[in-house]
K.L.:
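Shown below is the structure under consideration.
Start at 1 with the first residue, then count along the sequence. Both counts, for ligands and for their atoms, begin at 1 and track the order of listing. Just so we're clear, the structure is a prediction, and the values are computed from it rather than from any experiment.
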Amino acid sequence: MSALAVVKYGDPILRKKTAPVADAADVEPYIEDMLETMYEEAGMGLAANQVSLDMNFMVVDISHVEEDEYARTFINPEITGKEGTSEMEEGCLSVPDIRATIERAEKVRLLYLDDEGVEQESWFDGLMSRVIQHEVDHLNGILFTDYLTPAKRGLITKRLAEIAETGAPSTGIIL
Ligand code: NI
């Protein structure tokens with residue numbers, strides 16, 4: 001296994017809607033490396049385009065927070081239902097040192113293929129719902145900072161430019 005390079009804000013692949021995965025077997029060669037990359041960077045989820053793969057799949061593992069959870073692979077994930085709202089602070093491996101409280105749905109229903117190519121559809125809530133929504137956004141070219149109000153966005157404009165240029169902002173911020 002080897003860790004992959006996580007692309008940062010400013011890389012055009014983060015703004016592209018990823019290509020559908022035709023066969024679940026196509027993602028198999030990347031799963032272990034993506035998990036290793038995510039663990040090394042202490043992330044809870046990683047979308048394929050964050051490691052420069054134009055493929056519609058993501059890995060999620062929150063087992064360090066919820067003990068009945070495990071490393072999951074979601075292929076061609078699509079949110080098919082939403083319920084309620086919740087606010088939670090988010091960060092992103094592609095937008096380092098910037099954190100912000102974002103409002104999203106409390107629960108989501110997700111249609112996807114699992115790592116064996118079997119179609120699944122179920123509801124997720126809590127932290128899992130949050131991570132799923134963040135990663136599905138990535139796969140559609142959306143970043144959590146897109147949800148900030150113009151005023152809050154103004155506070156990170158310079159930092160985003162610094163990330164695009166050097167990979168990290170000169171100072172971090174929590175919004
Ligand atoms: Ni992210």
Side-chain angles (χ1 to χ4, degrees), residues 3-19 21 27 30-66 69 71-79 82 85-108 110 112 124-149 152-153 155-157 159-169 171-175:
L4 306 166
V6 175
V7 299
K8 300 291 173 19
Y9 184 94
D11 190 307
I13 200 166
L14 292 176
R15 291 308 196 178
K16 188 179 179 302
K17 187 174 167 64
T18 49
V21 174
V27 313
Y30 305 110
I31 300 297
E32 291 302 317
D33 284 351
M34 280 183 60
L35 287 171
E36 183 180 342
T37 305
M38 185 176 78
Y39 298 143
E40 234 177 53
E41 306 236 1
M44 292 186 278
L46 191 66
N49 51 341
Q50 289 184 276
V51 289
S52 301
L53 295 170
D54 181 12
M55 300 172 81
N56 189 13
F57 79 98
M58 63 205 202
V59 294
V60 176
D61 189 350
I62 60 165
S63 60
H64 61 296
V65 180
E66 294 182 12
E69 269 298 333
R72 294 174 179 262
T73 303
F74 298 101
I75 301 168
N76 296 335
E78 185 187 337
I79 291 170
K82 290 185 177 185
T85 57
S86 83
E87 290 196 334
M88 206 180 280
E89 189 181 293
E90 295 186 24
C92 180
L93 299 181
S94 294
V95 191
D97 303 328
I98 294 176
R99 300 189 64 81
T101 299
I102 304 291
E103 184 181 298
R104 294 187 187 268
E106 163 83 52
K107 296 180 182 182
V108 290
L110 195 72
Y112 62 98
F124 294 93
D125 61 13
L127 182 60
M128 198 64 192
S129 166
R130 173 65 49 158
V131 178
I132 284 170
Q133 291 178 78
H134 179 112
E135 303 307 332
V136 168
D137 268 357
H138 270 301
L139 295 169
N140 288 297
I142 299 165
L143 300 172
F144 79 105
T145 47
D146 298 347
Y147 296 108
L148 295 173
T149 60
K152 285 190 173 178
R153 226 187 130 68
L155 296 173
I156 62 165
T157 303
R159 289 179 174 88
L160 292 176
E162 289 171 342
I163 293 170
E165 196 172 332
T166 70
T171 56
I173 192 169
I174 300 174
L175 294 169

K.L.:
In the shown structure, where waters are left out, how many protein N, O or S atoms lie under 2.8 Å from the Ni ion (ligand 1)?
P.N.:
3
K.L.:
Report yes if the side chains of F144 and Q133 come closer than 4.5 Å at any heavy-atom pair, otherwise no.
P.N.:
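They are not in side-chain contact.
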K.L.:
Can any side-chain N or O of T37 pair as donor or acceptor with the backbone N or O of L4 at less than 3.5 Å?
P.N.:
yes
K.L.:
Quick one: do the T171 and R159 side chains pair a donor with an acceptor below 3.5 Å?
P.N.:
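Yes, R159 and T171 have a side-chain donor paired with an acceptor closer than 3.5 Å.
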K.L.:
With distance as the sole criterion, is a donor-acceptor pair present between the side chains of D137 and Y147 under 3.5 Å?
P.N.:
yes
K.L.:
Examine the side chains of R104 and S129 and answer whether a donor and an acceptor come within less than 3.5 Å of each other.
P.N.:
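No, no side-chain donor-acceptor contact under 3.5 Å.
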K.L.:
With no hydrogens and no angle check, just 3.5 Å: does a side-chain donor-acceptor pair link S94 and Q50?
P.N.:
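Note: S94 and Q50 side chains meet the donor-acceptor criterion.
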